[in-house]
Enquirer: 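Here it is, the structure in full.
Owing to the predicted nature of the structure, the values given are computational and were not obtained by experimental measurement. Order of appearance sets the numbers: ligands from 1, and atoms from 1 within every ligand.
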Amino acid sequence: MKNEIYIEDIGQFKDKEATVSGWLYNRRSSGKIHFLMLRDGTGIIQAVAGKNDINEDTFEKCKELPQESSLKVTGLVVEDKRAPGGYELQVKKIEFIQMSEDYPITPKDHGTTFLMDHRHLWLRSSKQHAIMRIRHSIIRACRDYYDTRGYVLIDAPIFTPAACEGTSTLFETDYFGSKAYLTQSGQLYMEAAAMAFGKVYCFGPTFRAEKSKTRRHLTEFWMIEPEIAYCDLDGNMDIAEEFIEFIVQRVLEERKEELKILERDTSKLEKVIRPFPRISYDEAVKMLKDGGLEFEYGNDFGSPDETYISDQFDRPVMVHRYPAAVKAFYMKADQEDPTKAMCVDVLAPEGYGEVIGGGQREDNLDILLGKIKEHQLPMEAFDWYLDIRKYGSVPHSGFGMGIERAVAWICGLKHIRETIPFPRTISRIQP
Ligand code: 4AD
Ligand code: MG
């Protein structure tokens, strides 16, 4: 079986006969004409079926045709400036493939829980289409960025023997009688790979047993993680800002229509141009205090703090040198103030919070050993990781960007759950 044509290519068939295979998106009728809105995944076209143009039986069937019935419509492609997409189909023949039953998602307002329960169907609607297409563009842009700059793609494993990002959010599984965990990050493996290839990246699903319900957290999310040998914190920030500028500008070029469907204020995205401001944790804390926010020095920033800080700028802001105590064990200590870590979080504008986390890694064997002990991590699980510091240790850095955080921000979505086809959260593993 072969699809005759796709709606996005319909212009090539102007004044010719074509067959569109799709689903009924919507329908209205005047006594003598049916207007069928057909969708095929690539677009929507209006098919106009006049009583005198098609056989009587077909015309009668169209009267009752349920939403999302599958059908093949053959007709003449005519240009019509008023029609969505600029063309309409003057129907000659309809082949009904399957009559849908009462489709649960109608143009009326449904609550989010209902829509999420029907996520497998909800993906057919135009807003979800726009989001998924933008997600696709973002992922392609991410890959293009590294692929065209000499990075080697090195896939990280999903089953891991130890925590990378703290033991409180580990998903544990039974691995032939011993414990394994779903990966929280490919970073540790990328560090090994960077020593083999110079600059590398991985892109894959990562897992966190996030016990709180927030607008920013999924339990399964996709992360792209570059890692670069002979790169310090400043170099890392240079890459992060160029990377973010690249993907945002790519989406603006490629996905105008989709951003319009989402009613995204694109003037905000147009401002995402290097250089981004770089401020230290200390400077960020001062900003909070000056703004009258209550904040205890030494803590990590919460969502309202991040929002306040990012609201001071019109482009992403890079906050570096957090207290080491609130960051992961592998962070390199700042030479000038060892209580600080050589890390960076990139906070997106408009209150979207952290989209990137990363930094320079501890490259000294003894200090790293001390950190693993301090964090009470199982030393045996890190034997291999310590080898990286024994055999040609060099300064190196990297970061991770959560794809869904980036999609939420670029699409302007309030909640992260719509940024991934089938979201997994503390309260949802269906459908
Ligand atoms: O800041 P995080 O925890 O950093 C790491 O995992 C590093 N090992 C990455 C590295 O240096 N290679 O997570 C990185 C990013 C966050 O900035 C955020 O965008 C996203 O991953 N993220 C989440 N996205 C959705 N749901 C969650 N629960 C997330 N946790 C982190
Ligand atoms: Mg982080």
Side-chain angles (χ1 to χ4, degrees), residues 135 138 142 146 151 154 156 160 162-171 181-194 199-228 231 233 236-237 239-240 243-244 247 281 300-303 305-306 310 316-320 322-323 326-332 341-348 352-362 385 396-410 413 415-420 423-426 428:
R135 177 185 169 100
I138 290 173
C142 287
Y146 296 107
Y151 288 72
I154 300 290
T160 58
C164 177
E165 295 300 325
T167 49
S168 65
T169 61
L170 281 174
F171 276 113
Y181 308 98
L182 299 184
T183 186
Q184 297 169 309
S185 158
Q187 178 195 321
L188 307 185
Y189 298 95
M190 290 309 100
E191 289 185 55
K199 41 186 181 175
V200 297
Y201 75 96
C202 65
F203 175 54
T206 46
F207 306 86
R208 309 258 171 116
E210 301 281 1
K211 300 196 180 74
S212 54
K213 260 190 179 169
T214 80
R215 297 185 292 118
R216 295 177 182 176
H217 290 92
L218 294 164
T219 54
E220 179 180 312
F221 63 98
W222 287 67
M223 182 150 61
I224 184 142
E225 298 179 88
E227 190 75 25
I228 309 97
C231 179
L233 178 62
N236 200 35
M237 290 197 272
I239 298 165
F243 170 59
I244 287 190
I247 59 174
Y281 172 88
D300 202 353
F301 298 127
S303 289
D305 309 317
E306 287 185 351
S310 67
V317 51
M318 305 201 272
V319 185
H320 52 82
Y322 284 64
V326 301
K327 290 290 177 183
F329 75 96
Y330 52 73
M331 303 267 186
K332 187 172 179 62
M342 296 292 274
C343 62
V344 59
D345 277 7
V346 183
L347 310 182
Y352 282 93
E354 179 195 335
V355 282
I356 279 182
Q360 190 168 342
R361 322 305 189 186
E362 184 51 72
Y385 183 65
H396 62 287
S397 304
F399 60 82
M401 185 185 80
I403 294 294
E404 291 75 18
R405 295 267 180 97
V407 175
W409 163 42
I410 294 172
L413 305 174
H415 202 292
I416 198 165
R417 67 190 153 214
E418 284 180 53
T419 62
I420 184 164
R424 299 290 175 247
T425 61
I426 186 170
R428 178 171 296 280

Enquirer: Parallel, tilted or perpendicular for Tyr385 and Phe329, by the 30°/60° rule?
Expert: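 Correct class here is perpendicular.
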Enquirer: Does Glu354 come within less than 4.0 Å of Arg216, counting only side-chain N to carboxylate O?
Expert: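 Answer for the salt bridge query: no.
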Enquirer: Tell me, which residues have any heavy atom less than 4.0 Å from some atom of ligand 1?
Expert: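 For ligand 1, the contacting residues are Glu165, Ser185, Gln187, Arg208, Glu210, Arg216, His217, Leu218, Phe221, Met223, Glu225, Tyr330, Glu354, Val355, Ile356, Gly357, Gly358, Arg361, Gly398, Phe399, Gly400, Gly402, Arg405, Ile416.
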Enquirer: Just to be careful: counting only protein atoms that are N, O or S, how many fall under 2.8 Å of the Mg ion (ligand 2)?
Expert: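 Total protein N/O/S atoms under 2.8 Å from the Mg ion (ligand 2): 1.
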Enquirer: Just say parallel, tilted or perpendicular for the rings of Tyr322 and Phe301, cut-offs at 30° and 60°.
Expert: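 Ring orientation of Tyr322 relative to Phe301: perpendicular.
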Enquirer: Sequence neighbours left out, what passes ring pair (Phe, Tyr, Trp, His ring centres under 6.0 Å) with Tyr201? Give chain and number order.
Expert: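 Here the qualifying residues are Tyr146.
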Enquirer: Could you report the tightest heavy-atom contact between Pro226 and Ile224, atom names first, then the distance?
Expert: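 Scanning both residues completely, I find the closest heavy atoms to be CD-O, 3.8 Å.
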Enquirer: Got a sec, which residues hit ring pair (Phe, Tyr, Trp, His ring centres under 6.0 Å) with Tyr181, two or more places apart in sequence or on another chain?
Expert: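 Residues passing ring pair (Phe, Tyr, Trp, His ring centres under 6.0 Å) with Tyr181: none at all.
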Enquirer: Does a donor on one side chain and an acceptor on the other come within less than 3.5 Å for Gln360 and Tyr330?
Expert: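 Side chains of Gln360 and Tyr330: no pair found under 3.5 Å.
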Enquirer: Identify whether the distance between the nearest side-chain nitrogen and carboxylate oxygen of Glu404 and Arg417 falls below 4.0 Å.
Expert: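 So Glu404 does not pair with Arg417 through a salt bridge.
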Enquirer: Applying side-chain contact (heavy atoms from CB on, under 4.5 Å) between Met401 and each of Phe243, Phe203, Trp222, report the one that passes.
Expert: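 The residue from Phe243, Phe203, Trp222 that satisfies side-chain contact (heavy atoms from CB on, under 4.5 Å) with Met401 turns out to be Phe243.
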